[in-house]
Protein chains: 2
Amino acid sequence: MFLSKTFGYALRGVLYVAYIDKEGRKVQLDEMAEKLKVPRHFLAKIMKLMVKEGIMQSTKGPYGGFSLNEHTLKTKLIQLVRITEGVEQFNTCVLSLRKCNSQNPCPLHQQMLELRDAMLAEFSAKTLDDLLNSDDPDFIKSIATA
Amino acid sequence: MFLSKTFGYALRGVLYVAYIDKEGRKVQLDEMAEKLKVPRHFLAKIMKLMVKEGIMQSTKGPYGGFSLNEHTLKTKLIQLVRITEGVEQFNTCVLSLRKCNSQNPCPLHQQMLELRDAMLAEFSAKTLDDLLNSDDPDFIKSIATA
DNA sequence: TTTATAAAAGACCTATACGTCCTTTATTGA
DNA sequence: TCAATAAAGGACGTATAGGTCTTTTATAAA
Ligand code: FES
Ligand code: FES
């Protein structure tokens, strides 16, 4: 109902890289796909997209892999949404009638507006760093499928 | 991002029927599809589903069409969600990691939990009748595409 | 300068949400 | 009892999210 698989994989992927980065090493796709239990090739596609969008970096070849750059930890969740599914979704009507409009509100407008705005605010404020409890020994577990 | 097209069509469809019902007449698919500007055959499929689920009734043949039954106005939004997309969605993790679980929370769990619960509460409490402003002359406009 | 490694690129496949169409069944009034 | 009407049933088509595979490019070390 809420967010796409793609967004979830993207977030979990970059968080994994950030976490491992604290150990001072790069992360490769095989490791990520295995640890996070996500489809390797699909993850590759998403990681590549994030690199192209500049929120992290990668190097090819031996000892290569994904690593952080100066933007990564400052990246806001809303940017990840934008990259993976586009933000317009935050201002379309929940009934997909049109662009959500308080002048011509749909029957669910009142009940949804504050929730949606709260969510948007949350996603606009929170950075990846905010989500990174590097002191949590179970952090990896929290981003991996059970 | 939020709800499916199917849910939106279902809600708008039943609200239209309810609104017209106050005028004491039944509603037919052709009229609904035209007024709401939704694909006629797809709407048919959804209306038929709602009838089968018992939240409204229909009669075939001349002067037939859709009309309310004793359950319609008391129907809660959550039921409509259940019928059109299944409610499990309300207790799966937003990162689709698993069943959402406070004992093993994902990095977005804290920020999403209250929003999702608020939404669930909203959908569990609100009935179709609550959404029906039959005194609003622009009601139809509010459920039709611009 | 070759070989191994690992991401980038992009073609391709699959499942599902969304949508269309045709035939059947029930109802009505002439 | 027939013709017209309108929903029910169900097959079928399309678009997109999700997922797989193969080839190409960059990098590192021997
Ligand atoms: S108009 Fe529908 S959510 Fe605002
Ligand atoms: S565990 Fe992810 S939302 Fe609760």
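Quick note on labels: first sequence line is chain A, next is B, and so on, each numbered from 1.
Between M50(A) atom CE and dA7(C) atom P there is a gap of 13 Å when expressed in whole angstrom units. Rounding to whole angstrom units, CE of residue M47(A) and C1' of dA9(C) are separated by 16 Å. The nearest whole Å value for the distance from the CE atom in M32(B) to the P atom in dA6(D) is 14 Å. Rounded to an integer number of Å, the gap from NZ of K52(B) to P of dA7(D) is 17 Å. The separation between Y63(B) atom OH and dA30(C) atom C1' is 11 Å, rounded to whole Å. Atom-to-atom, NZ of K5(A) to C1' of dA15(C) comes out at 10 Å; the value is rounded to the nearest Å. Rounded to an integer number of Å, the gap from K48(B) NZ to dT24(C) C1' is 12 Å. With rounding to whole Å, E53(B) atom CD is found 19 Å from dA7(D) atom P.
At a non-hydrogen distance threshold of 4.0 Å, G65(A), F66(A) from residues 65-73 of chain A come into contact with DNA chain C. For the segment residues 23-30 of chain A, residues with any heavy atom less than 4.0 angstrom from an atom of DNA chain C are, sorted by number, V27(A), Q28(A), L29(A). A heavy atom lying under 4.0 Å from DNA chain C marks the following residues of residues 6-22 of chain B, by number: T6(B), Y9(B).
Taking the side chain to side chain donor-acceptor pair (under 3.5 Å) definition, one finds that Y19(A) meets it with nothing, sequence neighbours left out. Partners of Q111(B) under the side chain to side chain contact (heavy atoms under 4.5 Å, CB included) rule, at least two apart in sequence or in another chain, are E122(A), K126(A), L131(A), L108(B). For the salt bridge (Lys or Arg N to Asp or Glu O under 4.0 Å) test, no residue two or more places apart in sequence or in another chain qualifies with D129(B). Contacts of I83(B) classified as side chain to side chain contact (heavy atoms under 4.5 Å, CB included), with partners at least two apart in sequence or in another chain: L49(B), E53(B), I55(B).
Remark: F139(A) CZ to I20(A) CD1 distance equals 10.0 Å, nearest 0.5 Å. Expressed to the nearest 0.5 Å, how far CG of L15(B) lies from CG of L36(B) amounts to 9.5 Å.
Classification of the F90(A)-F123(A) ring pair by plane angle, with boundaries at 30° and 60°, yields tilted.
R12(B) places a side-chain N or O within 3.5 Å of a backbone atom of I143(B) that can act as its donor or acceptor partner. A distance-only check finds no donor-acceptor pair linking the side chain of D138(A) to the backbone of K141(A) [under 3.5 Å].
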Please enumerate all protein N or O atoms sitting under 3.5 Å from an N or O of nucleotides 20-27 of chain D, with distances to 0.1 Å.
residue: dT20(D); atom: O4; partner: K45(A); partner atom: NZ; Å: 3.4
residue: dT25(D); atom: O2; partner: K60(A); partner atom: NZ; Å: 3.4

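Pairs of residues two or more places apart, or lying in two chains, never qualify as salt bridge (Lys or Arg N to Asp or Glu O under 4.0 Å) while including a residue from residues 55-78 of chain A. Screening residues 20-29 of chain B for salt bridge (Lys or Arg N to Asp or Glu O under 4.0 Å), with sequence neighbours left out, gives E23(B)-R25(B), R25(B)-E31(B). Counting only residues at least two apart or on different chains, no salt bridge (Lys or Arg N to Asp or Glu O under 4.0 Å) pair has a member in residues 94-119 of chain A. Within the structure, ring-ring contact (aromatic ring centres under 6.0 Å, His included) contacts touching residues 40-59 of chain B (residues at least two apart or in different chains) are Y9(B)-F42(B).
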